[in-house]
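Just so it is clear: chains get the letters A, B, ... in the order the sequence lines come, proteins before strands, and each one is counted from 1.
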Protein chains: 2
Amino acid sequence: MVVPAKPLGKPSVDRRSAEGDRLTEAIELLFFAYRDFISDPDELLDEYGFGRAHHRVVHFVSRNPGITVAELLNILRITKQSLARVLKQLIERGFVAQETGKQDRRQRLLYLTVSGRELEERLAAPQRARVAAALEKAGPGAEDSWRKVLLGLVNDEDRAEVEHRIAKAPVEQH
Amino acid sequence: MVVPAKPLGKPSVDRRSAEGDRLTEAIELLFFAYRDFISDPDELLDEYGFGRAHHRVVHFVSRNPGITVAELLNILRITKQSLARVLKQLIERGFVAQETGKQDRRQRLLYLTVSGRELEERLAAPQRARVAAALEKAGPGAEDSWRKVLLGLVNDEDRAEVEHRIAKAPVEQH
DNA sequence: CATTTTATGTCAGCCATGTTGACATATTTT
DNA sequence: AAAATATGTCAACATGGCTGACATAAAATG
């Protein structure tokens, strides 16, 4: 019985190879990590009657004070209507404030109020602690690898923009 | 004016420190990476009229042929009803097959059919390619760090189980 | 200055997928 | 024989995606 020779060259991305299996495992790990990573804020959001969508808005407004609605839409990749729904609630309940743009008065610049900043802090704290613990356990160099890999997962077209948003992204290797 | 001395000791996880900011960035990167990582299969799922919930079921049944409904519920952390809905569709449309357990005839063991394996392969291929590219770009050692950090993000109570599911998890350091 | 484009808001309605709680059936365990 | 377990199912509800249409104000353009 003739066993076909395994072709040489670039390692395959096929799961029938050991290489592919390792990738499948790496993918599966991302599922489990994300599942638990998200669980911390979820409980807290419940207390406020908010959901993950609110969390995302609060996070990005916190990170980009004065962000416009259009920019937020581009980050979240959801529709105007989906954003409007949660944004309206956050504004009504006093977590987010709007200001008319100075140069362009059509724009609504978004900011967190004091309550908004407090909410953001409460949401972020457990996630920061979780990530800090995971990075420390993974040893030195893990943070840099982590950043590089995550940045590499982003769509090519969007990478420059994401790098810009993330101030301290690792230097790209050529 | 007296500026309070910064307390020494463990690096803070507070974002007002540089340490906290780096963590916030690392967290934000996870959002962007996950956003794009999920986008590949989403398009394909649309063609089948399926959603992400179907994808998860197909993935875990593929990785664990003969898995029981109870095990699947424990992995996905959703309710019986939520699972039943998508599982029913996958079975009706011939992507998943059920078998009565041999030892325990109450159990329904789940398997992918030939079509199911084909669907799984089509869904997984772009994600494997994306992860492979990201890991390669991040350089040697990135894969091990990646696994360690992700595993570290998992809830303490669940880590052993996840390690067991992921065959080649990195060795824990003491 | 008149027109067009842009940024935003809003309405109505649909769909996927999460939730709860109750209950039924078959099978295994005690 | 009774209790516990694995699964399936029903009704009902909430969140947060989506589409498409339309309105307003302000800016940009010819």
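- Residue-to-nucleotide proximity on DNA chain D shows that, of A:Gly49 and A:Gln103, the 5′-proximal contact is made by A:Gly49.
- One can place CZ of B:Arg52 at 13 Å from C1' of D:dC18, the figure rounded to the nearest angstrom.
- A donor and an acceptor atom never sit less than 3.5 Å apart when one is taken from the side chain of A:Arg106 and the other from the base of C:dT8.
- For the pair A:His55 NE2 and D:dT15 C1', the interatomic distance rounds to 17 Å; values are reported in whole Å.
- Straight-line distance from the CG atom of A:Leu76 to the P atom of D:dG16: 13 Å, rounded to whole Å.
- Among the protein residues, A:Glu71 comes within range of no part of the nucleic acid, since none of its heavy atoms lies under 4.0 Å from any strand.
- In this structure, A:Tyr48 places its OH atom 17 Å from P of D:dT15, rounding to the nearest Å.
- If B:Lys88 and A:Asp104 are placed on DNA chain D by their nearest nucleotide, the residue sitting closer to the 5' end is B:Lys88.
- Between A:Arg56 and the phosphate of D:dG17, there is a side-chain N or O to OP1/OP2 separation shorter than 4.0 Å.
- Taking A:Arg106 as the reference, A:Asp104 meet the salt bridge (charged side-chain N to carboxylate O under 4.0 Å, His left out) condition, with sequence neighbours excluded.
- Taking a cutoff of 4.0 Å between a charged side-chain nitrogen and a carboxylate oxygen, A:Arg159 and A:Asp156 qualify as a salt bridge.
- B:Phe31 and A:Leu45 end up in the same hydrophobic cluster when Ile, Leu, Val, Met, Phe, Trp and Tyr side chains are linked at under 4.5 Å.
- Residues B:Leu109 and B:Leu83 do not share a hydrophobic cluster, clusters being chains of Ile/Leu/Val/Met/Phe/Trp/Tyr side chains in contact below 4.5 Å.
- Contact between the side-chain N/O atoms of B:Ser82 and the OP1/OP2 oxygens of C:dT17 is not found at any separation under 4.0 Å.
- Atom CD in B:Gln98 sits roughly 16 Å away from atom P in D:dA6 (whole-Å rounding).
- Using a 4.5 Å heavy-atom cutoff, the side chains of A:Phe32 and B:Asp158 are not in contact.
- The interatomic distance linking B:Leu73 (CG) with D:dT9 (P) rounds to 14 Å, in whole Å.
- Per the geometry, CD belonging to A:Gln81 stands 11 Å off C1' belonging to D:dG20, to the nearest Å.
- Nucleic acid contact for B:Arg85: base, since at least one base atom lies under 4.0 Å from a heavy atom of the residue.
- If you check every strand for non-hydrogen atoms under 4.0 Å, A:Gln89 touches nothing.
- Note on B:Thr79: every side-chain N or O is 4.0 Å or more away from OP1 and OP2 of C:dG18.
- Taking only side-chain nitrogens and oxygens, B:His54 comes nearer than 4.0 Å to OP1 or OP2 of C:dT17.
- Going from atom CZ of A:Arg105 over to atom P of C:dT8 covers 14 Å, rounded to whole Å.
- Contact of B:Lys80 with D:dG8 (side chain to base): a donor-acceptor pair of N or O atoms is detected under 3.5 Å.
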